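Every value quoted in this text rests on a predicted model; they were computed, and no experiment measured them. A note on names: the letters A, B, ... follow the listed sequences, proteins ahead of strands, and every chain is numbered from 1.
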Amino acid sequence: MFDKVEKNPDFAKLELKVLEKWEQNDIMKRSMEQHRGADKFTFYEGPPTANGMPHPGHVLTRVMKDVFLRYRSMRGFDVLRKAGWDTHGLPVEIAVEKELGIDGKADIEKFGVAEFIAKCRESVFKYEKEWRKMTERVGFWVDLDDPYVTCQNNYIESVWWILKRYWDEGLLYKGHKVVPQCPSCETAQSSHEIAQGYREVEDPSVFVRMRVKGSPDTSFLVWTTTPWTLISNVAIALGAGLDYAKVKYKDEYLILAEGRLPAVFGEENYEVAERYKGADLEGTEYEPLYTFCAPEKKAHYAILGDFVTIEDGTGIVHIAPAFGEDDYQVGIKFDLPFLQPVDTKGRFTSEVTPWAGLFVKDADAGIIEELRERGILYRSEGYVHTYPFCWRCHSPIVYYARHSWFIRTTAYKDTMLEVNDSINWIPEHIRKGRMGDFLENNIDWAVSRDRYWGTPLNLWICEADESHVLSVDSAADLKAHALDYPDGELDLHRPYVDAIHCKCPQCGARMSRTPEVIDCWLDSGAMPVAQWHYPHENKDVFDSLFPADFITEAIDQTRGWFYSLMAISSFLFKKSPFKSCLVLGHVLAEDGSKMSKHLGNYLDMDVVFDRFGADAFRWVFYRDNNPWLPTRFSERALEEAHKNFFLTLWNIYSFFVIYANIDEFEPAEHEVGADALDASDRWALSRLNSAVALIKENMDAFQVTPAARAIEALVDDISNWYVRRCRPRFWKSEKDDDKWAAYSTLREILVTISKLLAPFAPFTAEVIYSNLARDTKRDKAEDSVHLAAFPEPDSSLINAGLEEAMEFVRDLCNEGRSLRNKKQVKVRQPLQRIFIRLKEGKLRDGIAPLKDMLTDELNIRDIAFIDSFDDLMCVSLKPNYKKLGPKYGKDLKAIEEYFKTLEDHAGACPSYFNDGRLDVEIGGSKFEFVEGDLEQVKTPSPDYLVGETVALDMRLTPELIRAGRARELVHKIQNLRKEMDLDYAARINIAYSCGPDLNEIFGDPALAEYIMKETLAVSLDCLLQDADADAARFDIDGVACGVKLSVSN
RNA sequence: GGGUGAUUAGCUCAGUUGGUUAGAGCGCAUCCCUGAUAAGGAUGAGGUCGGUGGUUCGACUCCACUAUCACCCA
């Protein structure tokens, strides 16, 4: 016996029970341990941060990880599911600042760094409980009890080891990074801070002359909106392919982009003297504007840059590497000097004598005036643009180069490109697109942060000579060099690590740590090694689990985690840290907008879990849309998944259990041989195994959506064809091999579907499997579907010809139904014959074993195969207007009418068909028609309904009519049973009364037996009194009829 | 401003290397079936495949431009 199945289950409740079962039986651990030592399928968890609430987007990544891990696990791979948490970084600090009601680095120092760090550590796991709850509820199996955590000492030591490797290779260096800086708060701002402070303002814009060296009457005309940066000018940039002109203007020559001439000169007179491409001018030197700072390298010449446009200005861009990101990169590329006569408060330093101590933007007016006096200024005007301001104090932001530590990723860019080529990106366009493009334009990785809560940079600088630098790779290494290492274990965070001083290995002087912490992306990118405390421990573990076979995260990680993983592993191991990467699109709100806490435009996850369950939640992500596309997430999608897929599957399951229990079907006891299977069983098993092959193939290629859709299509076919067609086999009274074949087949299908479904909808699959799985010759029942093996396609059961024939039969049924539908002939009315026109003969043999399905489905007695439907058509005649018009003129109307009303053209006008001549009398006049006067038109005979491939014989014999009425009666009586809420198996007595035409039905022994059998009646008698008020009265083809049912004891 | 992706029925999506009449599901309308029954099935309506231009005997498909949306980066 199988457990009774609820008709309309609460999936959420079932899932909670499944969770309990997993917990009690330790299923997750057992599934992980089951294949220990087998081939590994290695997965790396991209660490989420647990200092924010999870939302549906996080569910997507978690279930996408889960489906492949479960799949590989069932395929027999050894799958390790180590969780991880990303814990460091600015967002954590900001959240703590907010919580403490403090703001900025000064406040943090005042509050106390040690106390602040403690708060950060605490806050990191603020939402760990919610994350754990979501993770467990959604069925993501990951080992949350043994995660890697980026802020633990062991982890930091591994990161230090990586940094030391970079240092030893000479790839870690100190440089400058241009950052937006608030001159008043004296801190750099992050991009999201900048984004909220843009305002439209008017700034001065100036056109200045840069005089070409050696030709005092010729100048480059340069435009800028930040006159104060001209003091630090070291070069000018031109577009290589842009057109430039030297124009004569008054008594001098000016060089600028030809396309800007009208905009710059307007109505004024000028003459083009010479034309160049930007490339022709490369290297041209010019006189420096200022000499406050002496450049230590070659400067003041024209270079080429692809960022130069002719949209505004003069097509010549002034370059000051200290004050712009583009400028800085150009400076690196051309090895230009770096002039920064500005302090961190945005004031000119003492060497800029006229404006020393003045805030740079306040110096603009004076600078312009001075340039005018020297005749350098060509023009100055106001320029309206958006400019960032500090969101705290509203001071104008200044772009400013700060000291920063860099990893020279550009040194091994080619390795990264090779690594990128070796990765199986899904979708593929990431390789050449987003990631490839990013790598091609790779710049050195700025890894240091002037903050507190992060992995401290492991560099100690000699106080006697700052070129003496010590890099350590572990606490022990540090201790070995330290002068003041404390007893016991040291927390490797600031401020504790700042307090350690070392002895310089080169000169013996004291060394102090450089104060920076590092970018938390370096933490997460280090996880392949750091999660194992490699190389300090677990070398063999690491070796066996590198690289990962598979990772998946959302697309924003392209430049985040995917990059940091690749950058680090390309350096350390010269190979990719992962083989396949599924890049997920974002989850959007129902209207296609971004989900945001602020707008509250997404469904509460607990509500989703309670109303639809985790499986529906998961299914929507797998089935609706390929995972790399943005997915709109809506209640409607969940409802559709629930109704369309889960309820359909549940109906099959419930149907099976109801009847299997009635018949006391026992899988092991009632196993049947292959010869007991009928055509529909063989079809269903073939269909099943074809689906298994397809699903496996897709899952192996990380194509989750085609796989999910294949399951859905399979379930639909089983429900709406196999079960639908086989119902009578289940409810017939004989317990013969045919019945057991049907039960065995359907159970086998359901158990296999539960295994196929297990990676996708682990809860529903578990419920079905737990109830239906039994030890049989073919299969063994496990404690959980997740301990079972993923189905293998059995090619001996796949019969492509049968599947094709069945497909054809289903098409024929549809066409037959369509024909009946058009003529409003109910299926209840049996018809004598169906004609099937076969274009090719091969299907005839294929459908032979399936023909009962066709006749039964369409309620038709016989099948006839014919080559052509011509015999089912009548040929009628129609006037050829073109010929008859001139011949008969206005009589044509009468002729037209005559042929229209003529019923049997062939019978009435044989001579025309035989030799093309016809004489008729119409309305008293005689007409003569010769060949071509009449057109032959084929129309279906009224006796047939003719379609493309199918035709139906519509002629009804009295016998067919009686049969139709009998079936109509059965239908009515079944409805009465339903209305009376009778048990499926209840036997009834039928009392009827009826008019004469119906008497012959009740009186016909065969029909009466048919009615009794179908309605489970034990008696059928003409006992009903006309006056009986309890009887049901209806009308069969216009004849009154009364019926009364009573339950038989 | 640059890059990437998307745009096909009212909604959510398919559409293989270019090839007859562009397909599903939901919703809608009509009908059917009814011992899976608060289910199920069929039929139908609904499309200038975002727009413009090009290549081709032929374009949803290839190319160019363009519009809108999203993401990433400046």
Novice: Please write out each protein N/O paired with an N/O of nucleotides 60-65 of chain B under 3.5 Å, distance rounded to 0.1 Å.
Specialist:
none

Novice: When the P atoms of rU12(B) and rU55(B) are considered, how many whole Å apart are they?
Specialist: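 To the nearest whole Å, 35 Å.
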
Novice: Counting only heavy atoms not in E734(A), do more than 12 sit closer than 6.0 Å to its CD atom?
Specialist: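 Yes, because the 6.0 Å sphere around CD of E734(A) holds more than 12 heavy atoms from other groups.
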
Novice: Taking only the P atom of each, what is the distance from rG44(B) to rC65(B) in whole angstrom?
Specialist: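 To the nearest whole Å, 43 Å.
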
Novice: Is T764(A) reaching over with its side chain to a backbone N or O of A761(A), donor-acceptor style, under 3.5 angstrom?
Specialist: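 Pair absent, no side-chain N/O of T764(A) close to backbone of A761(A).
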
Novice: Rounded to whole Å, please give me the gap between CZ in F562(A) and P in rC73(B).
Specialist: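 Computing the F562(A):CZ to rC73(B):P distance gives 14 Å.
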
Novice: Supply the atom-to-atom distance R810(A) CZ to N720(A) CG, rounded to the nearest 0.5 angstrom.
Specialist: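 The CG atom of N720(A) is 7.5 Å from CZ of R810(A), to the nearest 0.5 Å.
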
Novice: Report yes or no: does S719(A) contribute a side-chain atom to a donor-acceptor pair with the main-chain N or O of D716(A) at less than 3.5 Å?
Specialist: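 No: the side chain of S719(A) does not pair with the backbone of D716(A).
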
Novice: What's the CG-P distance between D437(A) and rG5(B), to the nearest Å?
Specialist: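 The distance from CG of D437(A) to P of rG5(B) comes to 10 Å, rounded to the nearest Å.
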
Novice: Between R687(A) (side chain) and I718(A) (backbone), is there a donor-acceptor pair under 3.5 Å?
Specialist: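 Such a contact is absent between R687(A) side chain and I718(A) backbone.
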
Novice: With the side chain of D624(A) defined as its heavy atoms from C-beta on, choose the nearest nucleotide among rU12(B), rG5(B), rG35(B).
Specialist: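 Out of rU12(B), rG5(B), rG35(B), the nucleotide with an atom closest to D624(A)'s side chain is rU12(B).
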
Novice: Could you tell me how far rC33(B) sits from rA39(B) if I compare only their C1' atoms? Round to whole Å.
Specialist: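 Looking at atom C1' only, rA39(B) and rC33(B) are 12 Å apart.
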
Novice: Verify, without hydrogens or angle tests, whether N626(A) (side chain) and T705(A) (backbone) share a donor-acceptor contact under 3.5 angstrom.
Specialist: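 Absent.
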
Novice: Nearest to the side chain of R434(A) - rC71(B), rA36(B), rA14(B)?
Specialist: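 Out of rC71(B), rA36(B), rA14(B), the nucleotide with an atom closest to R434(A)'s side chain is rC71(B).
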
Novice: Send over the distance from L629(A) CG to rU8(B) P, rounded to a whole Å.
Specialist: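 Those two atoms, CG and P, are 12 Å apart.
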
Novice: Which sits closer to the 5' end of RNA chain B, H429(A) or R559(A), going by the nucleotide each is nearest to?
Specialist: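 Taking each residue's closest nucleotide, the earlier one in sequence belongs to H429(A).
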
Novice: With sequence neighbours excluded, tell me which residues meet side-chain contact (heavy atoms from CB on, under 4.5 Å) with N424(A).
Specialist: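 side-chain contact (heavy atoms from CB on, under 4.5 Å) check on N424(A) returns I426(A), S580(A), F702(A).
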
Novice: Could you give the distance separating rA29(B) and rU66(B) at their P atoms, to the nearest angstrom?
Specialist: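 It comes out at 45 Å once rounded to the nearest Å.
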
Novice: Aromatic ring centroids of Y743(A) and F730(A) under 6.0 Å?
Specialist: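 Yes, ring centres under 6.0 Å apart.
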
Novice: Rounded to the nearest 0.5 Å, what separation is found between the CD1 atom of I990(A) and the CE atom of M1012(A)?
Specialist: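 Rounded to the nearest 0.5 Å, the CD1-CE separation comes to 7.5 Å.
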
Novice: Taking only the side-chain nitrogens and oxygens of N626(A), find out if one of them lies under 4.0 Å from OP1 or OP2 of rA14(B).
Specialist: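 The answer is yes; a side-chain N or O of N626(A) sits under 4.0 Å from OP1 or OP2.
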
Novice: Any donor-acceptor pair under 3.5 Å linking the side chain of N771(A) with the backbone of V767(A)?
Specialist: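 No.
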
Novice: Roughly how many Å apart are rG25(B) and rG19(B), using the P atom of each and rounding to a whole number?
Specialist: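 My reading of the P atoms in rG19(B) and rG25(B) gives 23 Å.
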
Novice: Is the backbone of W521(A) close enough, under 3.5 Å, to the side chain of S564(A) for a donor and an acceptor to pair up by distance?
Specialist: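 The answer is yes, because a donor-acceptor pair under 3.5 Å joins these two groups.
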
Novice: Could you give the distance separating rU8(B) and rG50(B) at their P atoms, to the nearest angstrom?
Specialist: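 Between the two P atoms, the distance is 6 Å.
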
Novice: Would you sketch RNA chain B in dot-bracket for me? Only Watson-Crick or G-U wobble pairs with both distances under 3.5 Å count, crossing pairs as [ ], other-strand pairs as |, the rest as dots.
Specialist: (((((((..((((.....[...)))).(((((.......))))).....(((((..]....)))))))))))).

Novice: Mark yes when over 12 heavy atoms from residues, nucleotides or ligands other than K333(A) sit less than 6.0 Å from its NZ; otherwise mark no.
Specialist: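 Open: at most 12 neighbouring heavy atoms sit under 6.0 Å from NZ of K333(A).
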
Novice: Can you tell me how far C1' of rG5(B) sits from CH2 of W425(A), to the nearest Å?
Specialist: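 Rounded to whole Å, this separation is 15 Å.
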
Novice: Have R618(A) and Y622(A) got a donor and an acceptor in their side chains that come within less than 3.5 Å?
Specialist: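 Yes - a donor-acceptor pair under 3.5 Å links their side chains.
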
Novice: Taking RNA chain B as the partner, which of residues 704-716 of chain A come within under 4.0 angstrom of it by heavy atom?
Specialist: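 Residues of residues 704-716 of chain A under 4.0 Å from RNA chain B: R709(A).
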
Novice: By nearest atom, which of the nucleotides rA14(B), rG35(B), rC71(B) is closest to the N625(A) side chain?
Specialist: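 For the N625(A) side chain, the nearest candidate turns out to be rA14(B).
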
Novice: Would R729(A) and T745(A) satisfy side chain to side chain contact (heavy atoms under 4.5 Å, CB included), going step by step from the backbone distance to the final call?
Specialist: CA-CA 12 Å; R729(A) 297 170 69 201; T745(A) 304; 5.9 Å; no

Novice: Identify, with sequence neighbours excluded, every residue that meets side-chain contact (heavy atoms from CB on, under 4.5 Å) alongside A446(A).
Specialist: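 By the side-chain contact (heavy atoms from CB on, under 4.5 Å) rule, A446(A) matches K177(A), S404(A), F406(A).
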
Novice: Expressed as a whole number of Å, how far does the P atom of rG47(B) sit from that of rG53(B)?
Specialist: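 Roughly 22 Å separates the two P atoms.
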
Novice: Do the side chain of R967(A) and the main chain of Q829(A) share a donor and acceptor less than 3.5 angstrom apart?
Specialist: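 Judged by distance alone, no pair lies under 3.5 Å.
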
Novice: Considering just the side-chain nitrogens and oxygens of N651(A), establish if one lies under 4.0 Å of OP1 or OP2 belonging to rA39(B).
Specialist: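 Result: no.
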
Novice: What is the separation between atom CG on L584(A) and atom P on rC72(B), rounded to the nearest whole Å?
Specialist: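 Checked: the CG to P distance equals 14 Å.
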
Novice: In this structure, how many angstroms lie between the C1' atom of rU4(B) and the CD atom of E428(A), rounded?
Specialist: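 Taking CD of E428(A) and C1' of rU4(B), I get 15 Å after rounding.
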
Novice: Where along nucleotides 21-33 of chain B does protein come under 4.0 Å, by heavy atom, of base (B) or sugar-phosphate alone (S), with - for untouched nucleotides?
Specialist: ----SSS---SSS

Novice: rA38(B) P sits how many Å from W650(A) CH2, rounded?
Specialist: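 Distance check: W650(A) CH2 to rA38(B) P gives 17 Å.
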
Novice: Find the distance E635(A):CD to rU12(B):C1' and express it as a whole number of Å.
Specialist: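 It works out to 15 Å between those atoms.
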
Novice: Can you tell me whether the side chain of T648(A) and the base of rA39(B) have a donor-acceptor pair closer than 3.5 Å?
Specialist: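 It does not, because no donor-acceptor pair links the side chain of T648(A) to the base of rA39(B) below 3.5 Å.
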
Novice: Quick check on RNA chain B: between W721(A) and R810(A), whose nearest nucleotide comes earlier from the 5' end?
Specialist: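 Looking at the nearest nucleotide for each, W721(A) comes out on the 5' side.
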
